[in-house]
Asker: 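The structure under discussion is supplied below as structure tokens; questions concerning it will follow.
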Amino acid sequence: MSPINVLDKYYLGITVLVTVAYQLTGFFIAWTFQFDKITDFTGGSNFFLLAILTLCLGNVYSARNVVASVLVMIWAVRISGFLLFRVLKRGSDNRFDDIRKHFFKFLGFWIGQILWIWTVSLPLTVLNSPAVSNLPQPSFGTGSDIIGIVIWGIGWFFESWGDIEKYRFKANGSSPKDQPMMKGLWAWSRHPPYFGEILCWWGIWTLCVAPSVRHTVDSSTRSAQYGALASPLFTMVLLLFGSGIPTAEKPQARRFFLLSHTPVDRKPEYANAWDNYKIYLKRTSPLFPIPPLLYVRLPQIVKTLFLLDLPMYKFDEERDGKQAIEEEQRKHGQA
């Protein structure tokens, strides 16, 4: 059976429309009831929806199309299920505390989510579209197929197991509050789930681009498949410079700094919290998993240029620390 043509031969239009409709529905529910229970779930499940939609519309169930679609659906079910479980346990998501009551700010987050979902889904969208499905494809099992699946598998392990380890650490009431998570994958990387997510989408793109690598498609389709490189690149930019590491590093550093320096109700047992955290930063790579005994010996220039230990992630004791202390004083009504 031949693929179903909808709006354009790459399925770009239909996936935009479905994503906009799904996300705006989620926005109006979240805005109306002022809660965060569905925000991340709506994002993750949208990937599942686009995967199953384009696979069925494409109507070509070759091994490559099915495997790529299933891998995306597995990723989507895992992340949306985990984030829903986590927010239900917590009751709310404090990321939205400052924007939840502001219509346009809150809407801006959902528009960003639309852009994220549609862009990151591009490799699979194009693979399942008539632009590829109507042309001969190489048999499944090419080097690109195998490498893509292996990369995805490694990434999915890091992302999934990293989330589980961190959740268990936080849920364990006996975990030391004056030390960060330094066990398992978190001993080798400060953000293993982000490293894993980046690998997952590099893996999906590598798997999906096989027809272009083997030159079985025309030049315009090849351009579209290589253009879908925007998916892993967008994921990297988002996690390295946007809503990933930058939003996690400084708040965590601030928490450990205040445990040792808070002007309000300082506890002696937390006196070493900031020193412990600084040791952790010196020993632990921000993204790429590296043995601590190796990482701590590397020159800072190597860490910055090649391992992405960027200045923008740093918590400055003089500037950020002073601001944190002043905010605590104002919060508790102290001069």
Side-chain angles (χ1 to χ4, degrees), residues 6-8 10-57 69 72-126 128-129 159 163 167 193-194 197-198 200-201 204 228 230-248 251:
V6 184
L7 298 181
D8 63 84
Y10 298 112
Y11 287 161
L12 302 181
I14 186 62
T15 52
V16 165
L17 293 177
V18 169
T19 301
V20 168
Y22 191 62
Q23 292 305 305
L24 289 184
T25 299
F27 163 71
F28 283 113
I29 294 173
W31 166 256
T32 300
F33 296 100
Q34 286 291 293
F35 68 4
D36 313 317
K37 304 295 190 301
I38 66 168
T39 304
D40 285 327
F41 176 79
T42 307
S45 59
N46 204 148
F47 284 93
F48 186 98
L49 179 60
L50 294 187
I52 194 70
L53 174 68
T54 56
L55 179 64
C56 292
L57 287 177
S69 299
V72 170
M73 286 188 276
I74 290 173
W75 180 88
V77 168
R78 204 287 310 176
I79 196 169
S80 59
F82 172 75
L83 294 177
L84 178 63
F85 169 78
R86 189 176 67 179
V87 77
L88 289 175
K89 295 287 287 186
R90 292 179 176 177
S92 65
D93 191 331
N94 57 19
R95 292 178 301 163
F96 304 110
D97 289 348
D98 295 332
I99 66 173
R100 192 183 299 111
K101 296 184 181 299
H102 301 276
F103 182 88
F104 289 107
K105 288 183 179 180
F106 198 37
L107 176 62
F109 169 85
W110 287 81
I111 292 174
Q113 189 154 270
I114 290 170
L115 178 63
W116 167 60
I117 295 161
W118 185 81
T119 302
V120 174
S121 294
L122 280 175
L124 183 63
T125 299
V126 175
N128 285 339
S129 72
E159 186 177 8
D163 278 337
Y167 180 80
Y194 293 157
E197 184 170 346
I198 290 170
C200 279
W201 290 106
I204 292 297
S231 168
L233 292 178
F234 185 88
T235 301
M236 289 184 66
V237 170
L238 185 66
L239 294 179
L240 291 173
F241 306 108
S243 63
I245 296 178
T247 62

Asker: Measuring from Ile204:CD1 to Ser69:OG, what's the distance to the nearest 0.5 Å?
Answerer: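 Between atom CD1 of Ile204 and atom OG of Ser69 there are 8.5 Å.
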Asker: Please tell me if the side chains of Thr125 and Tyr10 come closer than 4.5 Å, counting only heavy atoms from C-beta onward.
Answerer: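 Thr125 does not reach Tyr10 side chain to side chain.
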Asker: Rounded to the nearest 0.5 Å, what separation is found between the OG1 atom of Thr54 and the CG atom of Leu49?
Answerer: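 Going from OG1 on Thr54 over to CG on Leu49, the span is 9.5 Å.
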Asker: How would you list, by chain and number, every residue that makes a salt bridge (Lys or Arg N to Asp or Glu O under 4.0 Å) with Glu197, sequence neighbours excluded?
Answerer: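 None.
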Asker: Is it true that a side-chain atom of Trp110 and a backbone atom of Thr25 form a donor plus acceptor pair closer than 3.5 Å?
Answerer: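 The answer is no, because no donor-acceptor pair under 3.5 Å joins these two groups.
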Asker: Enter the distance from Leu24:CG to Leu107:CG here, rounded to the nearest 0.5 Å.
Answerer: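 The distance works out to 7.0 Å.
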Asker: Can you name the closest pair of heavy atoms from Leu124 and Ala51 and give their distance?
Answerer: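 Closest heavy-atom pair between Leu124 and Ala51: CD2-CB, 3.6 Å.
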Asker: In Å and rounded to the nearest 0.5 Å, what is the CZ to CD1 distance from Phe47 to Ile79?
Answerer: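 If we round to the nearest 0.5 Å, Phe47:CZ and Ile79:CD1 are 8.0 Å apart.
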Asker: Is any side-chain heavy atom of Thr15 less than 4.5 Å from a side-chain heavy atom of Leu122?
Answerer: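 In short, these two side chains do not touch, never coming nearer than 4.5 Å.
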Asker: Kindly give the heavy-atom pair with the smallest separation between Ile14 and Leu7, and that separation in Å.
Answerer: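 Here Ile14 and Leu7 meet closest at N-CD1, 3.6 Å.
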Asker: Enter the distance from Phe82:CZ to Phe85:CZ here, rounded to the nearest 0.5 Å.
Answerer: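 These two atoms lie 8.0 Å from each other.
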Asker: Could you tell me whether Arg86 and Asp163 have a side-chain N and a carboxylate O separated by less than 4.0 Å?
Answerer: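 So Arg86 does not pair with Asp163 through a salt bridge.
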Asker: Going by the angle between their ring planes, with limits at 30° and 60°, are Phe27 and Phe106 parallel, tilted or perpendicular?
Answerer: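 Rings of Phe27 and Phe106: tilted, 30 to 60°.
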Asker: Measuring from Ser45:OG to Leu83:CG, what's the distance to the nearest 0.5 Å?
Answerer: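 So the gap between those two atoms works out to 10.5 Å.
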Asker: Could you check Ile38, Thr39, Asn46, Asp40 and say which one makes a side chain to side chain contact (heavy atoms under 4.5 Å, CB included) with Thr42?
Answerer: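 Among Ile38, Thr39, Asn46, Asp40, the one meeting side chain to side chain contact (heavy atoms under 4.5 Å, CB included) with Thr42 is Ile38.
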Asker: Can you find a heavy atom in the side chain of Phe234 that is under 4.5 Å from one in the side chain of Trp201?
Answerer: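 A side-chain contact under 4.5 Å is absent here.
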Asker: Determine whether a donor-acceptor pair (N or O, by modelled atom type, separation under 3.5 Å) exists between the side chain of Tyr11 and the backbone of Leu57.
Answerer: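 Yes.
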Asker: Kindly give the heavy-atom pair with the smallest separation between Leu238 and Trp116, and that separation in Å.
Answerer: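 Shortest heavy-atom separation between Leu238 and Trp116 comes out as CD2-CD1, 3.7 Å.
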Asker: At their closest point, which heavy atom of Leu55 faces which heavy atom of Asn128, and how far apart are they?
Answerer: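 For Leu55 and Asn128, the tightest heavy-atom pair comes out as N-ND2, 3.5 Å.
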Asker: Specify the closest pair of heavy atoms between Cys200 and Glu159, including all atoms of both residues, with the distance to one decimal.
Answerer: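 Minimum heavy-atom contact is SG-OE1, 3.9 Å.
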Asker: What's the shortest heavy-atom distance between Ser243 and Tyr194, and which atoms?
Answerer: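 Reported closest heavy-atom pair: O-OH, 4.2 Å.
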